[in-house]
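Just so you know, ligand 1 is whichever comes first in the structure, and atom 1 is the first atom listed for that ligand.
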Amino acid sequence: MSQAQLPGVGVSPGRASGPAVKVTESISEPATTPSPEDPHAEAARVAPAAQTVAARIEATAATASGDAATILTTTAAMAADPALVSQAEQLVTAQRIPAARAVYEAANNFAHALTSAGGYMAERVRDVEDVRDRIIAELLGIAPPGVPVLTEPSVLIARDLAPADTAALDPDTVLALVTEEGGPTSHTAILARSLGIPAVVAVRGALAFEATAVAVDGDAGSVRAVDPDAPPVAAASSGPAEWNGTGATADGRPVGVLANVGAPADARTAAEAGAEGIGLFRTEFCYLDTDDEPSVADQRAAYAGVLAPFAGRPVVVRTLDAGADKPMVFLSPESEPNPALGVRGIRVAFDRPDVLDRQFEAIVAAAADSGAEVSVMAPMVATAEEAAWFTDRAHAAGIPRAGVMIEVPSAALTAHEVLDAVDFVSVGTNDLAQYTFAADRQLGAVATLNDPWQPALLRLLSTVGAAATGKGKPMGVCGEAAADPQLARVLVGLGATSLSVNAGSVRAVGASLAGVSWADCAGSVRAALDAPTARA
Ligand code: PEP
Ligand code: MG
């Protein structure tokens, strides 16, 4: 048995092992050859393949609920559609082409018809393409594209996963996640951490790794082949660190220990973990799979569900950060050459202020429903003017506290001016690193540049910290940097008044701060800033 080991970057802690399941990204266009020797026998393969696919989707629908169940039932009906099947059968016999090719062409004809019909019909095109690829995969005897339905606890191996796919992973069946792409601050990594699934990213050659079972070490960042007959091993959850639940240094200087959340379940877990509030509610995570702008009433209900466990406590709601790796169908432009540098975050709101205003309306209502002390903040702000535009609009909408994220280097460099325009700032170290190092946070090849210990990143943070301290305004840190218990101390020394982290890191960060005096935090800053390298 091979003992080969692949190195990567560990982004979500824990060790697990089990059968390896590879995620097929897309099905390539099936060939028109070879011509089937017996076209009638070839045509007869279409219907059973379509029925198998429909039955599989129906089985998944039976375990889903609400909208998901409705969508899956409709998709199953689409797979078994007699019109699709008979058109494909006719193509096989008339043109003497393989069944897979015939399904491809028949489904594309349907997709074109839906596109021409426009409106709701056009929105179903993606579903037809999904069904098409599944039937083709069945005919070709290959894995269907997308995250497969797991029949046993397994390790998923993918080139990368979209945030929407990662958010839908079931921690009971996904033992661990391995991707070829991605960095420590990619949204896939962030979601894996919040689900408690061990994950290693930037693993070159993971998809070509010939192992039917693998062991994943999310701490060390490695993947190795194991005996396929060995029973699967799920990650053991590490015992909670000792922390009294009050965010403060050992000598009593208060530092809010808050949580990053994106869904009601995260918020409940964060409250149970002892988070003192929410420092970053990624509202776009509620809508990654949504084609149309949610109504104010729907948004109000979704936000209230997240805020409810934090009644009477501070919650920072970030307005939609659509774009880049979190495209939202109803907001993001069709295509941009460099989406991370494109119309993302607050830039979308400049084009669609009506969407922002409706979100504010829903946030105000959800705050009243839940009793949480709500502030709002904008993502991807580059200048003080943009910051002022946002805070004025939020205040006018009746939201008492409004701030911005510092995640673009220009905003960090003009922190004085930005702070004059806002009630608080929160540093998004994930994007601040990405833009400072010109290193795509989703790209495995540049993952080490996105290390939050990089002195250049910390120097930018010190500029913001000095400005915030001088003006007596709060500076939070809500990027993944804050979740490193050692770095948390440096961030506090740099002037952070709160740290917002995934629920699993709340206690460790709280305990780390409680174990050190404010003077020690401040003392660690010089060493970190002057270090020649991140490792040093
Ligand atoms: C960040 O960029 O650091 C941040 C917290 O925002 P997000 O990860 O959602 O881009
Ligand atoms: Mg960001």
Side-chain angles (χ1 to χ4, degrees), residues 11-12 162-164 166-167 182-194 201 258-263 266 270 278-288 306 315-328 332 339-349 376-382 386 390 403-412 424-443 447 449-454 457-458 460-461 464 475-484 487-488 491 496 498-503 505 509:
V11 295
S12 182
T166 313
T185 60
S186 62
H187 285 100
T188 301
I190 292 170
L191 284 163
R193 270 193 291 276
S194 83
V201 302
L258 315 173
N260 292 350
V261 302
D266 296 348
I278 294 174
L280 169 63
F281 169 17
R282 291 181 167 100
T283 54
E284 67 280 359
F285 278 10
C286 300
Y287 302 113
L288 291 176
V306 172
V315 175
V316 181
V317 181
R318 181 174 72 182
T319 54
L320 295 173
D321 186 15
D325 67 327
K326 295 176 288 188
M328 307 190 77
S332 305
L341 304 181
V343 181
R344 183 191 156 185
I346 194 173
R347 299 170 186 182
V348 178
V376 290
M377 72 176 171
M380 278 293 285
V381 168
E386 291 180 358
F390 178 82
V404 297
M405 294 194 67
I406 303 284
E407 48 185 357
V408 179
S410 59
F424 65 92
V425 293
S426 183
V427 184
T429 49
N430 308 334
D431 275 313
L432 191 56
Q434 152 161 273
Y435 296 123
T436 301
F437 293 97
D440 189 335
R441 59 194 272 197
Q442 298 186 81
L443 203 60
L449 284 172
N450 282 311
D451 181 336
W453 284 92
Q454 289 279 6
L457 180 69
L458 296 180
L460 276 176
L461 249 150
V464 185
M475 175 181 85
V477 177
C478 62
E480 294 303 297
D484 175 335
L487 188 51
L491 298 175
S498 66
L499 300 175
S500 192
V501 303
N502 63 78
S505 300
V509 168

Ligand-side contact atoms (ligand 1) for residue partner Glu407, heavy atom cut-off under 4.0 Å: 1 (C), 2 (O), 4 (C), 6 (O)

Ser194 side chain vs Leu191 backbone, donor-acceptor pair below 3.5 Å: yes

Proximity flag Glu480 to ligand 1, non-hydrogen atoms under 4.0 Å: no

Nearest to the Mg ion (ligand 2) - the N/O/S atom of Glu407, by atom name: OE1

Atom 6 (O) of ligand 1: nearest protein contact (heavy atom, Å): Arg318 NH1, 2.9 Å

OG1-CG distance between Thr429 and Leu461, expressed to the nearest 0.5 angstrom: 7.0 Å

Enumerated ligand 1 atoms positioned under 4.0 Å from heavy atoms of Gly479: 3 (O), 5 (C)

Under-4.0 Å heavy-atom contact with ligand 1, by part of Gln434 that carries it: neither

Proximal atoms of ligand 1 relative to Met405 (non-hydrogen, under 4.0 Å): 4 (C), 5 (C), 6 (O)

Interfacing atoms of ligand 1 (cut-off 4.0 Å, heavy-atom, Arg441): 2 (O), 7 (P), 8 (O), 10 (O)

Val427 and ligand 1 - part of the residue with a heavy-atom distance under 4.0 Å: neither

From CG (Leu280) to CG (Leu258), nearest 0.5 Å: 10.0 Å

Any donor-acceptor N or O pair under 3.5 Å, side chains Asn450, Thr185: no

Contact atoms of ligand 1, heavy-atom distance to Cys478 under 4.0 Å: 5 (C)

Proximity of Ile190 to ligand 1 by residue part, where a heavy atom lies under 4.0 Å: side chain

Residue pair Val261 / Phe285, side-chain heavy-atom distance below 4.5 Å: no

Asp431/Arg344 under salt bridge (charged side-chain N to carboxylate O under 4.0 Å, His left out): CA gap, chis, key distance, verdict: CA-CA 12 Å; Asp431 275 313; Arg344 183 191 156 185; 2.8 Å; yes

Close approach, Met380 and ligand 1, non-hydrogen under 4.0 angstrom: no

Heavy-atom pair with the smallest gap, counting every atom of Cys286 and Gly262: SG-O, 3.8 Å

Arg347 bridged to Asp321 by N-O distance under 4.0 Å: no

Separation between CE of Met405 and CE of Met380, rounded to the nearest 0.5 Å: 10.5 Å

Minimum-distance protein heavy atom relative to atom 7 (P) of ligand 1: His187 NE2, 3.3 Å

The Mg ion (ligand 2) to Asp431: nearest N/O/S atom name: OD2

CG-CG distance between Leu449 and Leu457, expressed to the nearest 0.5 angstrom: 11.5 Å

For Leu280, atoms of ligand 1 separated by under 4.0 Å from a heavy atom: 5 (C)

Whether Lys326 lies under 4.0 Å from ligand 1, heavy atom: yes

Contact atoms of ligand 1, heavy-atom distance to Arg344 under 4.0 Å: 10 (O)

Region of Thr429 that comes within reach of ligand 1 [heavy atoms, distance under 4.0 Å]: backbone

Euclidean distance, Asn260 CG relative to Phe281 CZ, rounded to 0.5 Å: 12.0 Å

Ligand 1 atoms in contact with Arg282 (distance to a heavy atom under 4.0 Å): 4 (C), 5 (C), 6 (O), 7 (P), 8 (O), 9 (O)

Side-chain (Ser500) to main-chain (Cys478) donor-acceptor, under 3.5 angstrom: no

Glu284-ligand 1 polar pair, N/O distance under 3.5 Å: no

